[in-house]
Amino acid sequence: MRTLKFGVKGDDVAAWQRFLQSQNLLNADEPDGIFGQETLTATVAFQRQHGLVPDGVVGQATITIAQETGFQPVQVTDLAGLVAIPSGINAGLSPAHLQTMLSLFGQPGQLTSGCSRITNAELARETVTESVGPFRVTGWQPAVARLRDIFTQAAAAEPEVVNQVQTAGMSCVRRVAGSQNFSNHSFGTAVDLFFGPDVDPRGDPHTQLGILKLAPFFHSARWYWGAGFPTVDSMHFEMSDELIREVKGGGSRIVVAPDFVAPQLVNPPTNPPVGIPIRLPDYAQDVLSAAQGVPWSNAGAMPQYSGYLGMMPGSLFYVFHNLVGLPGVTSAAFYECKLSSDNDGSASPDDADPSFHDPDHQNNTSLHDASGKALNAFVDAYAVLPLDQSETSTNKHGLPDFGADLGLRIGDVGVAFWRESNSGAPRQCFYIYGDKGPAVKLGEGSVKMEVQLGVPGAEKGNGHEASEIIAMHKGIIHIGFIGSGTPFLVPGHPDQTTLDATGVIALGQKLFAAFKNQPV
Ligand SMILES: [Zn+2]
């Protein structure tokens, strides 16, 4: 059993607390699993009673005596144990540069060595103290909200890790030790984590096991891990430069991966949206240019949607409007995003491939067929829409709704494009918006959609996460025809459509053909 002392959390601490209760040394209703002041006092009392060194540390000698008195130790994984830091941990992400931070936030306060007061009025106003699940922190509100989402996701997969994680703080106006730069803690966009009684010191080439287990959740939320700093700081995570620009820049800035060169349209539209370069990935230049009939002169950029997680950095969200000749449709949404796998609606979490088990599998989808049955991710090409604010308690940080604001709803039809390789014809897939997903995320699609688009390993749930599309410099393009599904909804049942897989393709072809044939 590991050594327990002040500050340690876990099921083994709870077992120790129950033992102290049985010895009438601890008065608590329920053991909370946190080795705090009362547990310390009770431990010292136990040690005094038994002639042990009264240091409040539950080490081998104390455990041995306690076992003679009926204590049954509980083994937990030692998440504080040190392990090697793998490579590629921050793929596609950059640390938040001081220049970025100062230009977006301004000076946070004084460049002190210890924590000092936030003197920046706006930052002070946006700094909150809230629970993020395992503990309370003080930090910049959008960072705190994201941290809470990260722990919610991590808790579903790694409950023991989230149960034991502790923080060494978030907001703290100060300089980086040994430099004249503000630490990103000064803006409240970084957090320090640890397991067990002590933090893993800076400069050590290892990380605690628990931190390694949390790292993927931070990465997919686009936080940069300090294990990648020149001076390894493995307890530190911060909102990446890319994410900060997107969130603090209000989404109005064009966020570009560090080494990203925007491809030019082969045939630029004659009347592009003023001041906004249209970015098309390599495979799309020949199929989605104005020369191919895509009505770019009808497109307006809606950068507020670029704040959705999963959007390809450097891309913009467009809406084509004043379209004519499409059945029941006058506008279409255009965006480039990741494509992660959804196998909802299929028979079981393992049905495609017994070697793949999807723990997030649900046998229902938001949209049903005409008989009320869920769609099947292996049969129906469907894309997932983010939940509207009215449908979730997740704070969307001012992101607009797809349904309420844009009018894009489940049952609507769209067309998607992708090319995995660097040459050859892109793949095309007509799809239906068939399911709803996390409120702030975009870019999930059914296995069938991935197979049609030629995403490798789709059946095994290996779609393309945001880090991969960033590394490839191209995302999956969607054109969603707003309102196209309404005529096919079953009267009185807005979650049922009469369109089957064949119907989706027929309608999609008709819509896309008319979309590319606008009067000039
Ligand atoms: Zn830190």
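Side chains are part of it too, since the values below use all heavy atoms of this structure and drop only hydrogens, waters and symmetry mates.
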On a heavy-atom basis, the closest approach of Met449 and Ala416 is CE-CB, 3.7 Å
Whether the side chain of Gln452 engages the backbone of Gln428 through a donor-acceptor N/O pair (distance < 3.5 Å, no angle test) should be reported. no
Testing the 3.5 Å rule here: is there a donor-acceptor pair between the side chains of Ser94 and Glu242? yes
Do the side chain of Ser103 and the main chain of Thr100 share a donor and acceptor less than 3.5 angstrom apart? yes
Close side-chain approach of Leu280 and Phe417, heavy atoms under 4.5 Å: no
So, does Asp495 use its side chain to make a donor-acceptor pair with the main chain of His368 at under 3.5 Å? no
Taking the six-membered ring for Trp, are Trp140 and Phe105 parallel (under 30°), tilted (30 to 60°) or perpendicular (over 60°)? perpendicular
NZ/Lys516: more than 12 non-hydrogen atoms of other groups inside 6.0 Å: yes
Looking at Glu122 and Lys248, is any side-chain nitrogen of the basic one under 4.0 Å from a carboxylate oxygen of the acidic one? yes
Any side-chain heavy atom of Phe320 within less than 4.5 Å of one from Gln518? no
Are the side chains of Asp435 and Tyr382 in contact, using a 4.5 Å heavy-atom criterion? yes
Reported OG1-to-NZ distance for the pair Thr365 and Lys373, which is rounded to 0.5 angstrom: 10.0 Å
Check Thr392 against Ala439 and note the closest heavy-atom contact, atom names and distance. CG2-CB, 3.5 Å
Looking only at heavy atoms, the pair that brings Ser446 and Ala381 closest together is OG-CA, 3.5 Å
Please answer whether the main-chain N or O of Leu93 pairs with a side-chain N or O of Ser240 as donor and acceptor at a distance below 3.5 Å. no
Can you check whether Tyr305 reaches Asp405 side chain to side chain, under 4.5 Å on heavy atoms? yes
Between Asp412 and Gly483, is there a donor-acceptor pair closer than 3.5 Å when you use the side chain of the first and the backbone of the second? yes
Shortest non-hydrogen contact from Leu489 toward Pro494: CD2-O, 3.7 Å
Any side-chain to backbone donor/acceptor pair from Arg427 onto Val455? Under 3.5 Å, distance only. no
Using the six-membered ring wherever Trp is involved, compare the ring planes of His464 and Trp418 and label them parallel, tilted or perpendicular (cut-offs 30° and 60°). tilted
Sidechain-backbone polar pair: Ser366 side chain, Lys436 backbone, donor-acceptor under 3.5 Å: yes
Between the side chain of Tyr335 and the main-chain N/O of Ile476, is any donor-acceptor distance below 3.5 Å? no
Give, for atom CD1 of Ile505 and atom CG of Leu499, the distance between the pair rounded to the nearest 0.5 Å. 11.0 Å
Compute the centroid of each ring, for Phe515 and then for Phe334, and state whether the two points are separated by less than 6.0 Å. no
Could you label the plane-to-plane angle of the Tyr431 and Tyr433 rings as parallel, tilted or perpendicular, counting under 30° as parallel and over 60° as perpendicular? perpendicular
Nearest-0.5 Å distance that lies between atom CG in Leu98 and atom CG in Asn184: 7.5 Å
Polar contact flag, side-chain donor to acceptor under 3.5 angstrom, His185-Asp192: yes
Taking atom NZ of Lys396 as the centre, does the number of heavy atoms from other residues, nucleotides or ligands within less than 6.0 Å exceed 12? yes
Can we call the ring centroids of Phe229 and Tyr224 under 6.0 Å apart? yes
Between Asp388 (side chain) and Ala404 (backbone), is there a donor-acceptor pair under 3.5 Å? yes
Could you tell me whether the side chain of Arg148 and the main chain of Gly133 form a donor-acceptor pair under 3.5 Å? no
So, do Phe317 and Phe402 have ring centers that fall under 6.0 Å from each other? yes
Are Gln141 and Asn395 side-chain neighbours, meaning at least one heavy-atom pair lies under 4.5 Å? yes
Exactly one of Val132, Val137, Thr129 clears side-chain contact (heavy atoms from CB on, under 4.5 Å) with Met170, and that residue is Val137
Beyond-backbone contact of Val161 with Leu79, side-chain heavy atoms, under 4.5 angstrom: yes
So, do Glu160 and Thr77 sit near enough that their side-chain heavy atoms are less than 4.5 Å apart? no
Please verify the inter-ring angle class for Phe218 with Phe237; under 30° counts as parallel, over 60° as perpendicular, anything in between as tilted. parallel
Just wondering, do Phe217 and Thr152 contact through their side chains at under 4.5 Å, heavy atoms? no
